[in-house]
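In what follows, a single structure is set out as structure tokens and then discussed.
Ligands are counted one by one from 1 in listed order, and the atoms in each one are counted from 1 as well.
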Amino acid sequence: MNFKEVLIDKYPYKVINYSNVFSREKLDIGTRFLLENLPQNNYKYVLDLGCGNGILGINLKNKQSDSIVYFSDESKMAIQSANQNYNLYFKDKAHFFWTHSTLGIKQKFDLVICNPPFHQNNTIMKGIAINMFKDSKKVLLQFGALRVVANRHLNYHIVLKKIYGNVKLINQNSKFVILESINK
Ligand SMILES: C[S@@+](CC[C@H](N)C(=O)[O-])C[C@H]1O[C@@H](n2cnc3c(N)ncnc32)[C@H](O)[C@@H]1O
């Protein structure tokens, strides 16, 4: 296990990472861009899908203290890290699922946030990400939102438009896009 400190909104966060957890050494630049583009609305039920150390869900909870946050990841160490990190900052209960995508999660959500797995143009990873977008639709409430960060070249706006019938470009930089689809 290692500790690192990351600065978010100029506020230092201590984050626990068990070995092999994504972005163990430093904050991923895609994650940072999504952190800068978290939704402002007050969402009650939130799912941090593919949560890694839980940094997205924890940050959202920090901004929206009434939110009830669920974390899911297929990596056991990621879920352990997210659980411990959450408990460093909050006293109320969150929900942790060591599972494949949304499997076994019965709750419906107002918001799903996701920095999906990626590896350049790896088609297996792309398939996993696309399945996560499809699964998100099944666990979103009507008018619930899926917000993702992705490498520009993956063209996920086309995929999301196909699944949800709508997609909005929230922000972009030279490397990433932030996309949002609504479950209408
Ligand atoms: C790009 S990382 C993002 C981690 C974290 N949300 C962040 O932004 O730092 C993607 C995460 O998805 C998880 N993952 C990959 N495939 C998955 C699947 N099928 N179901 C759930 N989680 C998965 C990985 O273990 C990894 O933690």
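Pairing each heavy atom of L160 with each of L146, the nearest pair is CD2-CD2, 3.7 Å.
Here the shortest heavy-atom distance to atom 22 (N) of ligand 1, taken over K76, R32, E74, belongs to E74.
In this structure, I182 belongs to a hydrophobic cluster whose other members, linked by side-chain heavy atoms under 4.5 Å apart, are F143.
Per-residue contacts place T99 under 4.0 angstrom from the following atoms of ligand 1 (heavy atoms of the residue considered): 20 (N), 21 (C). Every atom of ligand 1 is numbered from 1 in the order shown, and the set under 4.0 Å from a heavy atom of I128 is 16 (N), 19 (N). For ligand 1, the atoms closer than 4.0 angstrom to any heavy atom of T31 are 7 (C), 8 (O), 9 (O).
Distance alone, capped at 3.5 Å, is enough to place a donor-acceptor pair between the Q64 side chain and the P39 backbone. Here the side chain of D73 pairs a donor or acceptor atom with the backbone of G52 at under 3.5 angstrom.
Ion pairing between a basic and an acidic side chain is recognised when a charged N comes within 4.0 Å of a carboxylate O; E180 and K168 show no such pairing.
Checked against a 3.5 angstrom limit, the closest N/O atoms of L56 and ligand 1 fall outside it. Considering backbone and side-chain N/O atoms, S72 never comes within less than 3.5 Å of an N/O atom of ligand 1. The shortest N or O to N or O distance between H100 and ligand 1 is under 3.5 Å.
No heavy atom of D28 sits closer than 4.0 Å to any atom of ligand 1. Using a 4.0 Å heavy-atom cutoff, C51 is listed among the residues neighbouring ligand 1.
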Given the rule in the side chain to side chain donor-acceptor pair (under 3.5 Å) test, do N131 and D135 qualify, once you have shown the distances and angles that lead to the verdict? CA-CA 6 Å; N131 282 335; D135 292 341; over 6 Å; no
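With a 4.0 Å cut-off on non-hydrogen atoms, P116 touches ligand 1 through its backbone and not its side chain.
Using modelled atom types, one finds no donor on one side chain facing an acceptor on the other under 3.5 Å when comparing D66 with N42.
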